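Keep in mind that what you see is a predicted model, and the values were worked out from it rather than measured. Just so we're on the same page: letters track the sequence lines, and every chain starts at 1.
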Amino acid sequence: GIQVEQSPPDLILQEGANSTLRCNFSDSVNNLQWFHQNPWGQLINLFYIPSGTKQNGRLSATTVATERYSLLYISSSQTTDSGVYFCAAFSTLGSARQLTFGSGTQLTVLP
Amino acid sequence: SQTIHQWPATLVQPVGSPLSLECTVEGTSNPNLYWYRQAAGRGLQLLFYSVGIGQISSEVPQNLSASRPQDRQFILSSKKLLLSDSGFYLCAWTGWGDYGYTFGSGTRLTVV
């Protein structure tokens, strides 16, 4: 089955610092999505990124599909960035598409 | 634009009581719909998915069932809740083709 591994499991930063979160995934993954789960539990889509690099403000993501990993960069972190960051890999599920989630990175940004 | 609505936001139910959680999507047709559960901790598990009206596939045998009575409506049900059914339930949709998932705001269910 699909394997998705995230590191580090926990990360504590001072406000203003930069960070890199990593996601490794197994074969047969045909796409990748990064989410931020806020303190209220909602999963916010950050990037849908099968390959290449995308940027959105202070966040950017890079996926190297041939080497089966993806990186999420957070620059100039803010306290509102706190929460759990999930990487999730797509696989075909009949006519639908299943997401297999990693175990997440718990990010805490201190003021 | 497309939006997904999920309710209620929180629910406390006694063991043995029935359950009905509803999810609706607006602004799209024939979406793929999904129910996920997040237990204590971080893992999210796919419970059910649907590619059309009346078409339900189950990924994990359990005390729950799902139905899709209308194109953009997905319902998660149980006849008798167990303590182990407690968790955070998330509905999601994807379009046909190369699209990411969009999740609803979730329902936090506590069975007491």
Expected contact set for residues 103-111 of chain A against chain B at heavy-atom separation under 4.5 Å reads A:Ser103, A:Gly104, A:Thr105, A:Gln106

Under 4.5 Å between side-chain heavy atoms, counting indirect links through other Ile/Leu/Val/Met/Phe/Trp/Tyr residues: same cluster for A:Leu21 and A:Leu32 or not? yes

So, the part of B:Leu33 with a heavy atom under 4.5 Å from chain A: the answer is neither

CG (A:Leu43) and CG (B:Leu44) are apart, to the nearest 0.5 Å, by 6.0 Å

Cut-off 4.5 Å, heavy atoms of chain A, and the answer for B:Tyr101 is both

Applying a strict 4.5 Å limit to non-hydrogen atoms, the region of A:Gln33 in contact with chain B is side chain

Contacts of A:Phe25 meeting ring pair (Phe, Tyr, Trp, His ring centres under 6.0 Å) (sequence neighbours excluded), chain-then-number -> none

Taken to the nearest 0.5 Å, the spacing of B:Thr94 OG1 from A:Arg97 CZ works out to 6.0 Å

Exercise. Show your working on side chain to side chain contact (heavy atoms under 4.5 Å, CB included) between B:Tyr34 and A:Leu99 and close with a plain yes or no.
Key: CA-CA 10 Å; B:Tyr34 309 83; A:Leu99 267 186; over 6 Å; no

- Message: Under 6.0 Å between ring centres: does that hold for B:Phe103 and A:Phe35?
- Response: yes

Query raised in the report: Under a single-linkage definition using a 4.5 Å side-chain heavy-atom cutoff for Ile, Leu, Val, Met, Phe, Trp and Tyr, are B:Leu76 and B:Leu11 assigned to the same hydrophobic cluster?
Result: yes

### Query
When hydrophobic residues are tied together by side-chain contacts of less than 4.5 Å, even through go-betweens, does B:Ile4 share a cluster with A:Phe86?
no

Margin query: I'd like to know if A:Leu11 and A:Trp34 are part of one continuous hydrophobic network [Ile/Leu/Val/Met/Phe/Trp/Tyr, side-chain heavy atoms within less than 4.5 Å].
Written below: yes

Honestly, the part of B:Gln38 sitting under 4.5 Å from a heavy atom of chain A is side chain

If one checks every heavy atom of A:Phe47 against chain B at 4.5 Å, the contacting part turns out to be neither

B:Arg108 and A:Trp40 have their tightest heavy-atom pair at NH2-O, 3.9 Å

query = Does B:Lys80 NZ have over 12 foreign heavy atoms under 6.0 Å away?
reply = no

